[in-house]
Visitor: 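Here it is, the structure, as structure tokens.
In this text, all values refer to a predicted model and were calculated from it rather than measured experimentally. Both counts, for ligands and for their atoms, begin at 1 and track the order of listing.
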Amino acid sequence: MSSHPPMIEVRSLRKEYPVEDDPVVALDHIDLNIAQGEICCIFGPSGSGKSTLLNLLAGLEKPTRGGIRIHGVVINQLNESELALFRQQNTGFIFQSYNLLPALNALENVAMPLMFKGVSKSKREYVAKGLLKMVGLENRMNHYPSQMSGGQQQRVGIARAFVTKPYVIFADEPTGNLDSKSSLEALEMIRTFSRRFNQTVVMVSHSAMAARYADHIVTIEDGRIIKEEFPSKDQPLNLVEI
Ligand code: ADP
Ligand code: MG
């Protein structure tokens with residue numbers, strides 16, 4: 001047993017969306033611990049509540065009930081500006097559709113989050129170049145998003161999410177727009193970065209391929225956790241595509 005508290009602790013979480021007079025209960029009775037350095041996959045079919053859970057963990061939405069503690073901070077008690085600062089200093093985000101800034105080249109996109117941390121321009125470029133090399137894009141540093149394939153754009157997105165060395169990286173369907181070869185490359189890179197600095201990754205996916213990269217698989221259905229697995233410790237997985 002580890003003596004460290006979990007990096008992420010979720011208690012009795014519930015999220016309702018007001019829809020006229022019949023609110024949608026997107027999540028209910030969610031209790032979850034995610035350890036530092038763990039790659040956690042929130043797995044489940046479309047509409048099960050995966051994105052809602054990720055958005056709550058990332059502080060992008062407020063829970064209706066329950067609590068979320070990340071690295072010792074109860075994020076549901078922070079106000080909007082405190083939350084924005086917390087996200088900037090502790091988290092990174094990888095998007096399904098990459099969300100690169102089209103007017104910036106690969107190097108500028110990766111270096112961008114360091115600007116908010118007050119890092120000098122020369123240091124930003126040095127660090128961003130190192131990450132772009134690690135994702136195999138040393139020959140694409142000056143290319144704009146429109147000049148890159150989806151797989152290349154997502155590698156830029158991954159480098160950008162890790163560039164500030166955040167404690168937690170959130171990813172919503174990071175391979176959702178990629179073919180299987182690019183998906184595997186993206187998942188390998190996420191794992192390599194995460195292992196290097198013992199960073200926690202919380203990834204949402206409905207793909208069994210992505211779940212196979214996880215240390216901790218949380219299966220949700222109709223807004224509830226129905227199964228938790230720790231594949232490296234348990235038996236081999238037998239995940240079916242859903
Ligand atoms: P998933 O990411 O697993 O596909 P979501 O978290 O997006 O699922 O959605 C879970 C449930 O919550 C769905 O029934 C969805 O329709 C509902 N939902 C999500 N966002 C909203 C919203 N802003 N307003 C109303 N209902 C929503
Ligand atoms: Mg979703």
Side-chain angles (χ1 to χ4, degrees), residues 8-34 38-70 75-76 78 80 83-84 87 91-100 150-151 153-154 157-158 160-161 168-180 182-184 186-187 190 200-229 231 237 239-242:
I8 302 177
E9 293 177 74
V10 179
R11 291 294 168 266
S12 307
L13 203 64
R14 179 179 167 94
K15 178 65 177 178
E16 293 172 11
Y17 289 109
V19 179
E20 301 189 350
D21 42 27
D22 192 14
V24 174
V25 180
L27 290 174
D28 205 11
H29 299 289
I30 302 288
D31 286 285
L32 183 62
N33 287 340
I34 301 173
E38 201 170 77
I39 299 177
C40 176
C41 180
I42 300 166
F43 182 68
S46 178
S48 56
K50 304 183 297 299
S51 294
T52 303
L53 180 54
L54 197 76
N55 291 343
L56 292 173
L57 296 181
L60 300 171
E61 290 182 63
K62 288 273 185 206
T64 306
R65 206 181 295 158
I68 299 164
R69 190 198 308 263
I70 299 181
I75 63 159
N76 47 291
L78 302 179
E80 283 309 314
L83 253 182
R87 281 202 304 268
T91 70
F93 214 101
I94 302 168
F95 302 88
Q96 176 171 354
S97 47
Y98 329 126
N99 287 25
L100 303 179
Q153 288 182 64
Q154 192 57 305
I158 292 166
R160 178 183 59 182
V168 185
I169 292 88
F170 296 105
D172 194 347
E173 304 274 8
T175 62
N177 289 2
L178 303 179
D179 60 39
S180 56
S182 300
S183 296
L184 283 173
L187 291 163
I190 290 171
T200 308
V201 174
V202 186
M203 167 171 74
V204 155
S205 188
H206 65 273
S207 139
M209 188 205 279
R212 279 191 204 97
Y213 273 79
D215 307 305
H216 181 181
I217 303 172
V218 179
T219 304
I220 69 172
E221 236 175 69
D222 293 332
R224 304 228 181 181
I225 294 175
I226 59 158
K227 193 162 58 172
E228 273 192 88
E229 293 159 288
L237 282 175
L239 289 169
V240 285
E241 289 289 345
I242 48 180

Visitor: For the Mg ion (ligand 2), decide whether S51 has an N, O or S atom at a distance under 2.8 Å.
Guide: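 It does; at least one qualifying atom falls short of 2.8 Å.
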Visitor: Do me a favour and list the nearest non-hydrogen protein atom to atom 7 (O) of ligand 1 with residue, atom name and distance?
Guide: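 Looking at atom 7 (O) of ligand 1, the protein heavy atom closest to it is S51 CB, 3.9 Å.
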Visitor: Which residue holds the protein heavy atom closest to atom 26 (N) of ligand 1, what is that atom called, and what is the gap in Å?
Guide: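 Protein heavy atom at minimum distance: Y17 CD1, 3.6 Å.
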Visitor: Go through the steps for N55 and T52 under the test side chain to side chain donor-acceptor pair (under 3.5 Å), then give the verdict.
Guide: CA-CA 5 Å; N55 291 343; T52 303; 5.9 Å; no
Visitor: Check whether any protein heavy atom sits under 4.0 Å from atom 16 (O) of ligand 1.
Guide: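 Given the 4.0 Å cut-off, atom 16 (O) of ligand 1 does not count as touching protein heavy atoms.
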Visitor: Regarding N177 and Q96, do their side chains bring together a donor and an acceptor under 3.5 Å, going by distance alone?
Guide: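 There is such a pair (donor and acceptor under 3.5 Å, judged by atom type) between the side chains of N177 and Q96.
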Visitor: Are any non-hydrogen side-chain atoms of R14 and L27 less than 4.5 angstrom apart?
Guide: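 Side chain of R14 against side chain of L27, heavy atoms only: no contact under 4.5 Å found.
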Visitor: Students should be able to answer this: which protein heavy-atom is nearest to atom 4 (O) of ligand 1, and at what distance?
Guide: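 The closest one turns out to be G47 N, 2.7 Å.
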Visitor: Ignoring hydrogens and geometry, is there a side-chain-to-backbone donor-acceptor pair from D172 to S51 under 3.5 Å?
Guide: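 No, because the side chain of D172 does not come within donor-acceptor range (under 3.5 Å) of the backbone of S51.
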Visitor: Below 4.0 Å from ligand 1: does a non-hydrogen atom of G49 turn up there or not?
Guide: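 It does, in that a heavy atom of G49 comes within the 4.0 Å cut-off of ligand 1.
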Visitor: If we only count heavy atoms from C-beta on, is the E9 to I70 side-chain gap below 4.5 Å?
Guide: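 Result no, sub-4.5 Å side-chain heavy-atom pair not found.
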Visitor: What is the nearest protein non-hydrogen atom to atom 5 (P) of ligand 1, stated with its residue, atom name and distance?
Guide: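 Protein heavy atom with the smallest distance to atom 5 (P) of ligand 1: T52 OG1, 3.7 Å.
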Visitor: Give the residue, atom name and distance (to 0.1 Å) of the protein heavy atom nearest atom 12 (O) of ligand 1.
Guide: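 Ranked first by proximity to atom 12 (O) of ligand 1 is A26 CB, 3.4 Å.
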Visitor: Check ligand 1 against P45 and write out every atom of the ligand that is under 4.0 Å from a heavy-atom position of the residue.
Guide: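 This gives 3 (O) as the contact atoms.
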Visitor: Answer yes or no: is there a side-chain heavy-atom contact under 4.5 Å between L60 and F93?
Guide: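 Counting from C-beta outward, L60 and F93 do come under 4.5 Å.
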Visitor: Are the side chains of P174 and Q154 in contact, using a 4.5 Å heavy-atom criterion?
Guide: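 Yes, side chains in contact.
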